[in-house]
Every structure is written in structure tokens, then in C-alpha cells.
Number of protein chains: 2
Amino acid sequence: MKLSSRSRYGFRAILELAVEYGNGPLQIKTIAKREDISNKYLEQLIAMLKASGLVRSIRGPKGGYELTRPPSDVKLSEVFITLEGPVVAVECLEHPEYCPRCTECVTRDVWAKMQSAIMGVLESMTLQNLVDKTKQGQAENYQI
Amino acid sequence: MKLSSRSRYGFRAILELAVEYGNGPLQIKTIAKREDISNKYLEQLIAMLKASGLVRSIRGPKGGYELTRPPSDVKLSEVFITLEGPVVAVECLEHPEYCPRCTECVTRDVWAKMQSAIMGVLESMTLQNLVDKTKQGQAENYQI
DNA sequence: AAGGTAAGCTACCAAAATGATAGGAATTTA
DNA sequence: TAAATTCCTATCATTTTGGTAGCTTACCTT
């Protein structure tokens with residue numbers, strides 16, 4: 001079970017937007033350059049973030065993207081689900097009618113536990129937490 | 001992030017072996033029929049379990065497969081990793097040298113937390129736990 | 001009004017992973 | 001020796017992933 005680069009890139013991109021929140025829109029090419037991601041690929045990832053409403057766009061010159069809500073208001077679970085889809089999707093978790101077998105239902109409990117463990121982590125953190133850590137890390141670098 | 005049918009089928013298969021532990025080998029076709037999985041596909045999944053040492057085979061007539069260790073001795077994490085590969089594999093978790101960017105390192109913490117949350121669940125349960133639940137469920141059905 | 005700048009949309013594509021299917025070889029029991 | 005069973009390898013269709021390309025639309029500046 002590995003993380004797709006969609007999530008890895010997407011998280012880095014939205015974190016750039018979070019760090020820059022309040023300073024006006026950030027352009028794709030800026031993010032792409034900072035994070036070393038293909039311009040056009042990033043465009044598609046950000047389109048996902050926009051479609052889910054996490055991000056808003058401004059077209060034309062001086063345009064770009066910005067968060068629609070303050071970073072402290074965006075849980076990582078929202079970002080994750082936008083990019084990666086439902087966490088540990090097992091059909092029988094949502095549609096138990098697909099689960100006639102007894103043994104299967106036992107494994108189902110395992111997947112349910114896994115799911116809530118993951119969601120626990122992602123629900124407990126916001127973009128602001130990541131911004132803080134980022135700035136803290138940079139400050140430490142200054143001291144050295 | 002969805003679970004592959006490899007894991008779903010594989011877990012159900014090894015759980016059959018766990019339930020039957022001590023009663024002699026169980027054949028592929030038996031498991032396949034019970035769990036309604038393609039014979040040939042299941043063969044490959046069990047091959048993975050065998051390759052990892054969780055399961056042993058007996059060839060020829062009256063042959064089949066059995067757990068190499070008692071179910072109480074098999075953590076679900078072992079089964080999962082065998083079938084699904086390393087949990088939440090992000091290269092930079094094992095090889096931090098791939099992680100030059102500062103923002104990336106912050107997201108890295110998120111993946112690390114996710115990983116240990118998942119492992120926490122899978123390390124805390126054994127096949128025996130699932131066997132117990134299965135039998136418990138069956139007993140309840142008898143009462144009705 | 002015009003030109004340039006950026007987002008938006010859609011199609012396309014290559015490579016890898018997934019979920020199988022198939023057939024024959026090797027081994028063991030009876 | 002014959003039958004049963006695992007073992008091994010190849011093949012294959014479909015989906016996902018990761019990415020490229022090109023044209024369209026909106027908007028700001030001059």
C-alpha cells in the first residue's frame with residue numbers, strides 16, 4: 001500500500017498555498033518551480049483541489065490560486081480524500097449487503113479499524129499545523 | 001487509497017487456514033470454494049503467503065496448505081505486508097536523502113504518523129483474534 | 001480595443017499495477 | 001503407474017498512474 005505521487009505532490013502544493021495564505025494568489029508555475037513538479041501535471045492536481053472547493057482560482061494576469069478557507073480551518077483529511085479518494089475503501093464497509101460470508105465480516109472489522117486509525121491522524125491535523133512546523137523548521141535553520 | 005483484492009482475498013484465505021489450524025492441510029480448491037475466489041488466482045496469493053514463510057505446503061494427493069505457526073503467533077501486520085507490501089511506502093521515509101525540500105519534510109511527518117497508526121492496528125491483532133471472533137459469530141448464529 | 005498572461009479543458013499516451021486465466025511440470029500418495 | 005495436488009511461468013485485458021500537449025476562455029494592463 002503505497003502513497004501515490006498525486007497525494008505527495010498535492011499535499012506539497014496545497015501547503016505552499018497555505019504558507020502563502022493572505023498574501024494574494026500563487027501561480028501554478030511558481031509552485032511547480034518551488035516544488036519541482038511538472039507544470040502541467042500540477043495543473044491537474046490543483047484542478048482536483050479546486051473541484052473539491054478547497055482552493056479558488058483567479059484567472060488572467062496576476063492570477064493564480066489561493067485557499068478558500070484559512071489553513072487552520074482545513075483538516076488534512078479533506079485534502080487527503082480529495083486527492084486519494086475514500087480512505088481504505090472496501091465496498092463492504094459502506095455496503096454490508098456485499099458481505100454474505102462470515103469470515104469476510106471478521107476481516108471487515110480489521111479494515112474498519114485501519115480506516116479509523118488513519119482518519120484519526122488526518123482529522124487531528126490542519127494545514128495550519130503544517131505551516132507552523134514549516135516556519136518553525138525554517139527558523140531553526142536561521143539560528144544555525 | 002483503496003485496498004486491493006489481493007489483500008481482501010488473501011486475508012480471507014489465511015483466515016481459513018487459521019480456523020483450520022491443527023486439523024491437517026487445507027486444499028486450494030476447498031478455500032476457493034468456501035471463499036468464492038478463482039482457484040488459479042488464489043493459488044498465486046497463497047504462493048505469496050508461502051514465499052513469506054507464513055504458510056507451508058504439502059504436495060500430492062491429500063496435500064494442501066497449513067500455517068507454519070499457531071494463529072496466536074501471527075500478527076496481522078505480517079500478513080498485510082506480505083500481501084500489500086510496505087505500509088504507506090514513501091521513499092523519503094526510508095531514504096531521507098530523497099527529501100531536500102523543507103515543506104516536503106513536513107508532509108513526511110504526516111505520512112510517518114499515518115504509517116504508525118496503521119501499523120499500530122495491525123500489530124495489535126493476531127490471526128487468533130480473528131479466529132475467535134469468527135467462532136464467536138458462528139456461536140451467536142446458532143443461538144438464534 | 002489589443003495583447004499578453006494565466007487558468008481551464010480535453011485528449012492523448014506510455015508504463016506499471018491489478019486481477020485474473022491457462023497449461024504444463026513436479027511431487028507425492030495409493 | 002495413475003491420480004491428485006502443488007508449482008511455475010506465460011499471457012492478457014483492464015485500470016490506474018504519471019505525465020505531455022494544445023487549444024480555449026477569462027481577465028488585466030496599457
Side-chain angles (χ1 to χ4, degrees), chain A residues 1-14 16-17 20 24-33 35-68 82-86 88-91, chain B residues 1-14 16-17 20 24-33 35-68 82-86 88-91:
Chain A
M1 201 173 53
K2 66 189 233 292
L3 215 58
S4 69
S5 72
R6 233 192 357 259
S7 303
R8 288 183 286 116
Y9 291 171
F11 260 81
R12 279 157 52 191
I14 202 172
E16 290 280 350
L17 295 180
E20 221 67 38
L26 206 55
Q27 295 178 358
I28 285 210
K29 63 180 178 190
T30 310
I31 304 175
K33 188 170 287 181
E35 295 289 340
D36 194 31
I37 304 172
S38 144
N39 226 292
K40 280 298 197 177
Y41 188 37
L42 180 59
E43 189 177 304
Q44 291 175 50
L45 303 185
I46 299 217
M48 298 177 77
L49 296 172
K50 192 193 167 188
S52 75
L54 290 172
V55 153
R56 152 174 59 225
S57 70
I58 295 106
R59 300 179 72 160
K62 308 263 178 182
Y65 295 88
E66 57 192 14
L67 288 184
T68 51
T82 296
L83 294 166
E84 197 77 4
V88 194
V90 186
E91 312 77 45
Chain B
M1 202 172 55
K2 65 189 234 294
L3 215 59
S4 69
S5 71
R6 237 194 351 262
S7 304
R8 288 183 286 117
Y9 291 171
F11 260 82
R12 280 157 53 190
I14 203 172
E16 289 281 350
L17 295 179
E20 222 67 38
L26 206 55
Q27 295 178 356
I28 285 211
K29 63 179 179 191
T30 310
I31 303 175
K33 189 169 288 180
E35 294 290 339
D36 194 31
I37 304 173
S38 143
N39 225 292
K40 281 297 197 176
Y41 188 38
L42 180 59
E43 198 177 279
Q44 290 175 51
L45 303 184
I46 298 220
M48 297 177 76
L49 296 173
K50 191 193 168 188
S52 75
L54 290 172
V55 153
R56 152 173 59 225
S57 70
I58 296 104
R59 299 179 72 161
K62 309 261 178 182
Y65 295 88
E66 57 192 15
L67 288 184
T68 51
T82 296
L83 294 166
E84 197 78 2
V88 193
V90 185
E91 312 76 46

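By convention in this document, chain letters (A, B, ...) are assigned in the order of the sequence lines, proteins followed by strands, and residues within each chain are numbered from 1.
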Colleague: Counting only side-chain nitrogens and oxygens, does B/S38 get under 4.0 Å of the OP1 or OP2 atom of C/dA20?
Modeller: no
Colleague: Would you indicate what B/I28 reaches in the nucleic acid, counting non-hydrogen atoms under 4.0 angstrom: base, sugar-phosphate, or nothing?
Modeller: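 Touches sugar-phosphate only.
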Colleague: Heavy atoms only, 4.0 Å cut-off, all strands: where does B/E43 land among base, sugar-phosphate and nothing?
Modeller: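 Since a base atom lies under 4.0 Å of B/E43, the category is base.
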Colleague: Base, sugar-phosphate or nothing for B/K50? Non-hydrogen atoms, less than 4.0 Å.
Modeller: sugar-phosphate
Colleague: Does anything in residues 51-68 of chain A come within less than 4.0 Å of DNA chain C? Heavy atoms only, and list the residues if so.
Modeller: A/S57, A/I58, A/R59, A/G60, A/P61, A/G64, A/Y65
Colleague: To the nearest Å, how far apart are B/K40 NZ and C/dA25 C1'?
Modeller: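 Atom NZ in B/K40 sits about 11 Å away from atom C1' in C/dA25.
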Colleague: Whole angstroms only, please: what is the NZ-P distance between A/K33 and C/dA6?
Modeller: 11 Å
Colleague: Once you round it to whole Å, what is the distance between C1' of C/dT18 and CD of B/E84?
Modeller: 11 Å
Colleague: Polar atoms only, N or O, under 3.5 Å: list the protein pairs with nucleotides 13-15 of chain C and their distances.
Modeller:
none

Colleague: Whole angstroms only, please: what is the CE-P distance between A/M1 and C/dT18?
Modeller: 12 Å
Colleague: With a 4.5 Å limit on heavy-atom distance, are the side chains of A/Y65 and A/P25 in contact?
Modeller: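 Not in contact.
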Colleague: Which is more 5' along DNA chain C, the nucleotide nearest B/K2 or the one nearest A/I46? Just name the residue.
Modeller: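 By nearest-heavy-atom nucleotide position, the 5'-most residue is A/I46.
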Colleague: In Å and rounded to the nearest 0.5 Å, what is the CD to CD1 distance from B/E16 to B/I28?
Modeller: 13.0 Å
Colleague: Please find the pair of heavy atoms, one from B/L83 and one from B/R6, that lie closest to each other, and give the distance.
Modeller: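 Closest pair (atom of B/L83, atom of B/R6, distance): O-NE, 2.9 Å.
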Colleague: How far apart are the closest heavy atoms of A/G63 and A/Q27, and which atoms are they?
Modeller: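 For A/G63 and A/Q27, the tightest heavy-atom pair comes out as O-CG, 3.1 Å.
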Colleague: What is the 5' to 3' range of DNA chain D, first to last nucleotide, that sits under 4.0 Å from any heavy atom of chain A?
Modeller: D/dT17 to D/dC28
Colleague: Which heavy atom of A/E35 sits nearest to which heavy atom of A/R12, and what is that distance?
Modeller: O-NH2, 2.5 Å
Colleague: Going through the distances and angles, do B/L54 and B/L17 end up as a side-chain contact (heavy atoms from CB on, under 4.5 Å)?
Modeller: CA-CA 11 Å; B/L54 290 172; B/L17 295 179; over 6 Å; no
Colleague: Which of these, B/L49, B/L26, B/V55, sits in a side-chain contact (heavy atoms from CB on, under 4.5 Å) with B/L67?
Modeller: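 It is B/V55, the one option of B/L49, B/L26, B/V55 that forms the side-chain contact (heavy atoms from CB on, under 4.5 Å) with B/L67.
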Colleague: Whole angstroms only, please: what is the CG-P distance between B/L3 and C/dG19?
Modeller: 9 Å
Colleague: If you find the nucleotide of DNA chain C closest to A/Q27 and the one closest to B/S7, which residue's nucleotide is nearer the 5' end?
Modeller: A/Q27
Colleague: Over how many whole Å does the gap from A/L42 atom CG to C/dG8 atom P extend?
Modeller: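 Taking atom P of C/dG8 as the reference, CG of A/L42 is at 12 Å.
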Colleague: What pairs with B/S52 under side-chain hydrogen bond (donor to acceptor under 3.5 Å, both in side chains), at least two apart in sequence or on another chain?
Modeller: B/T82
Colleague: With a 4.5 Å cut-off on side-chain heavy atoms, are A/K2 and B/P86 touching?
Modeller: no
Colleague: Identify the heavy atoms of A/M1 and B/L3 that sit nearest to each other, and give their distance.
Modeller: SD-CD1, 4.5 Å
Colleague: In whole angstroms, how far is the C1' atom of C/dG4 from the NZ atom of A/K29?
Modeller: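 After rounding, the gap between these two atoms is 11 Å.
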Colleague: Just how far, in rounded Å, is P of C/dG8 from CD of A/Q44?
Modeller: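 In whole Å, C/dG8 P lies 13 Å from A/Q44 CD.
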Colleague: Using a 3.5 Å cut-off and no angle test, enumerate the donor-acceptor pairs between side-chain atoms of residues 37-44 of chain B and protein atoms at least two apart in sequence or in another chain.
Modeller:
residue, atom, partner, partner atom, Å
B/S38, OG, B/K40, N, 3.4
B/S38, OG, B/Y41, N, 3.1

Colleague: Sequence neighbours left out, what passes side chain to side chain contact (heavy atoms under 4.5 Å, CB included) with A/R56? Give chain and number order.
Modeller: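 For A/R56 the side chain to side chain contact (heavy atoms under 4.5 Å, CB included) partners, ignoring immediate neighbours, are A/E66, A/T68.
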